[in-house]
Amino acid sequence: AGFRKLRAMLERETDAAVRKSLVQAISRSSAADALPALIAIAKTDKDPATRGEALFWLAQSAGKAAAGEISAAVMNDPDTKVQE
């Protein structure tokens with residue numbers, strides 16, 4: 001239930017600092033959907049800073065298991081700040 005609330009909050013939130021915290025909280029979730037959600041955020045979120053934050057936490061929490069997803073998201077993201 002907590003994970004679903006975090007995802008819903010992220011969809012509505014506009015404050016960058018709060019969105020950053022929500023992505024971090026999602027990355028720490030033990031819910032089965034947390035890793036796929038983090039990957040989706042890294043690929044599709046409208047905010048480049050949020051996509052970058054998701055990539056950071058994806059690398060921290062999933063490491064080698066998500067290396068391909070991280071590389072693909074970085075290479076395909078149109079925003080150079082996300083790529084950095």
Side-chain angles (χ1 to χ4, degrees):
F3 168 74
R4 288 191 305 275
K5 287 184 181 186
L6 290 171
R7 284 291 286 156
M9 290 172 65
L10 184 64
E11 293 297 320
R12 293 186 309 268
E13 187 59 55
T14 58
D15 183 86
V18 175
R19 288 177 61 82
K20 183 177 181 177
S21 294
L22 289 168
V23 171
Q24 181 182 10
I26 289 168
S27 76
R28 294 175 185 247
S29 174
S30 60
D33 292 338
L35 182 59
L38 207 52
I39 291 168
I41 293 164
K43 288 181 175 180
T44 64
D45 195 88
K46 62 186 175 288
D47 178 42
T50 302
R51 291 194 308 271
E53 190 70 18
L55 286 169
F56 173 81
W57 287 110
L58 191 56
Q60 297 298 310
S61 62
K64 290 180 182 179
E69 293 288 349
I70 294 167
S71 294
V74 169
M75 297 306 250
N76 295 319
D77 199 286
D79 193 289
T80 56
K81 291 187 181 205
V82 175
Q83 292 174 355
E84 290 173 7

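Quick note: numbers below take in every heavy atom, side chains included, and nothing from hydrogens, waters or symmetry partners.
In this structure a side-chain-to-backbone donor-acceptor pair under 3.5 Å is missing from S29 to I26. Not one N or O on the side chain of R51 forms a donor-acceptor pair closer than 3.5 Å with the backbone of T44.
In this structure, the separation between CG on L10 and CD on E13 is 8.5 Å, given to the nearest 0.5 Å. A distance of 9.5 Å separates CG of L22 from CG of D15, quoted to the nearest 0.5 Å.
Nearest heavy-atom pair, R19 versus K46, reported as atom, atom and distance to 0.1 Å: NH1-NZ, 4.0 Å. F3 and A34 make their closest contact through CE1-CA, 3.6 Å (heavy atoms, listed as atom of the first residue, atom of the second, distance).
Using a 4.5 Å heavy-atom threshold, the side chains of R28 and W57 count as touching.
A salt bridge does not link D33 to R7: none of the charged nitrogens lies less than 4.0 Å from a carboxylate oxygen.
Partner V23 forms a side chain to side chain contact (heavy atoms under 4.5 Å, CB included) with one of L55, L38, D45, V18 and no other, that one being L38.
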